[in-house]
Protein chains: 2
Amino acid sequence: MNSTIYETIKTLKRIAGEKNILYISSNELAKEMNVSQQTASRMIIELLDDKYIDRKMENRKQKIILMEKSLDTLYKELNDLYSILEINQSFEMKGNIKNGLGEGKYYISKKEYMDQFYDKLKIKPYYGTLNIKILPEYENILRQIRGAEGIHIEGFKDKERTFGGVKCFNAHIDGIKCFIIFPERSNYTDIIEIISDRYLRETLNLKDNDIIKINIDFNFN
Amino acid sequence: MNSTIYETIKTLKRIAGEKNILYISSNELAKEMNVSQQTASRMIIELLDDKYIDRKMENRKQKIILMEKSLDTLYKELNDLYSILEINQSFEMKGNIKNGLGEGKYYISKKEYMDQFYDKLKIKPYYGTLNIKILPEYENILRQIRGAEGIHIEGFKDKERTFGGVKCFNAHIDGIKCFIIFPERSNYTDIIEIISDRYLRETLNLKDNDIIKINIDFNFN
DNA sequence: ATTACTAGCACTCGAGTAG
DNA sequence: TCTACTCGAGTGCTAGTAA
């Protein structure tokens, strides 16, 4: 990971703030970063090439939009530091119960996944996932969790197709132990999937759109 | 700030863990960082030159000791990310009341400081500081606070000598508003100085060696 | 005003190798 | 084995300048 890329992302995010959008000339960016205008321009081109940012040339100044990959980079570094400095923190998110459409069920019930869940998570998951749409005010926490290592579940192939790797995080809802699972290669989404050895919908008496709180038991290292 | 220096510090700290001491050959370090042995060796020399680390050549492998400057660098980056990602966190430390020897009193009672305290902190401090020796388990939090920006108080000169800049952090003890003040150029110490418009020793009925809790009202930006 | 190409200088990297 | 020097190649910087 090239440093200048990282420094540029930091600078852009600092100026953009929460909206992740900013209007800035290469000259202004150059001054913020203490580099030449040419270097700032080159950095923007590199960030564009690598899909860290999107850009619209407007009349006066270019409009830069920070893509999810930029945020990932920053939260990844934050997690690195948490891990290295051995800072332990617990996280809490809230969201709405969503109807899962049975997709998660199809994936996790694959034997190759199930065997690994049993080995690595020490649970035999209920054949289905609980889907939660995270409330917007918790999205940055979600980003931070997504950026962490988690417990890795290997992908595999069957005759028809490839199933990607998954990473899992220890969590609990109302005292019931469960795991958040993320596909390792996927775009950002505010919907997370939960597995547990219990049928959570029934155990916790949940209905669609109920708001629930989920605690992540983060353990760096 | 050169990235490779930063990456090297991260790697060293990750391996060293809490003790901040590690035994590692340039070759091993090279593998950890995915660079050549020569580059790893060069990084170590640079870190030595810049006083980030200390080193003892032992029979088999060099013994590397991470100096305070390395930790500062990592906590500084953590603070940067907190600020950029607009993560607000409150901190709490505990420590023992210490006899201040009247030094703090001499410094802060200087008019040039006092005027700025009044302007920037909106208090007219009591003529003295409360000294607290932070308990070891809170030292990393102290490092993180020291690494942050704070409210800047300018240094100045009088006929005899130079008085350095100071940075201040909003805090409170038992609900009483106060400020932690750090000399801007000083070595790490586990003793912090507190100012307030109240005589805290009396207001809070404190005696030497009492253990107190201090809350830092951290406001990035 | 902008952005960004080109050219030349400077810095960094790793291979070879000395101590 | 270690650490770390030299040197050539490659990368990244800025100044000049085009569009």
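Only this structure's heavy atoms are used, side chains among them; waters, hydrogens and symmetry mates stay out. Labels below follow one simple rule: chain letters A, B, ... track the order of the sequence lines, proteins then strands, and each chain is numbered from 1.
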B:G17 backbone acceptor or donor facing B:K13 side chain under 3.5 Å
yes
Can you find a side chain N or O atom of [X] that sits less than 4.0 Å from OP1 or OP2 on [N]?
X	N	answer
A:T4	D:dC13	yes
A:Q62	C:dT3	yes
A:R42	D:dC13	yes

Round to a whole Å and report the spacing from [atom1] of [X] to [atom2] of [N].
X	N	atom1	atom2	result
B:E58	D:dT3	CD	P	12 Å
B:K31	C:dG14	NZ	P	14 Å
B:M43	C:dC11	CE	C1'	13 Å
B:E28	D:dT3	CD	C1'	13 Å

Is the ring pair A:Y113/A:F163 parallel, tilted or perpendicular, if the boundaries are 30 and 60 degrees?
perpendicular
Which residue lies more 5' along DNA chain C, comparing A:Q37 with B:T39 via nearest heavy atoms:
A:Q37
Between A:K10 and B:E77 (salt bridge meaning N to carboxylate O under 4.0 Å), is one present in this structure?
yes
Taking only Lys NZ, Arg NE, NH1 and NH2, and the carboxylate oxygens of Asp or Glu, determine whether B:K94 and B:E137 approach each other closer than 4.0 Å.
no
Checking C:dG14, D:dA4, D:dT14 against the side chain of B:V35 (C-beta onward), the nearest is C:dG14
Remember a base hit wins even if backbone is also touched, and classify B:S25 as base, sugar-phosphate or nothing at under 4.0 Å, heavy atoms.
sugar-phosphate
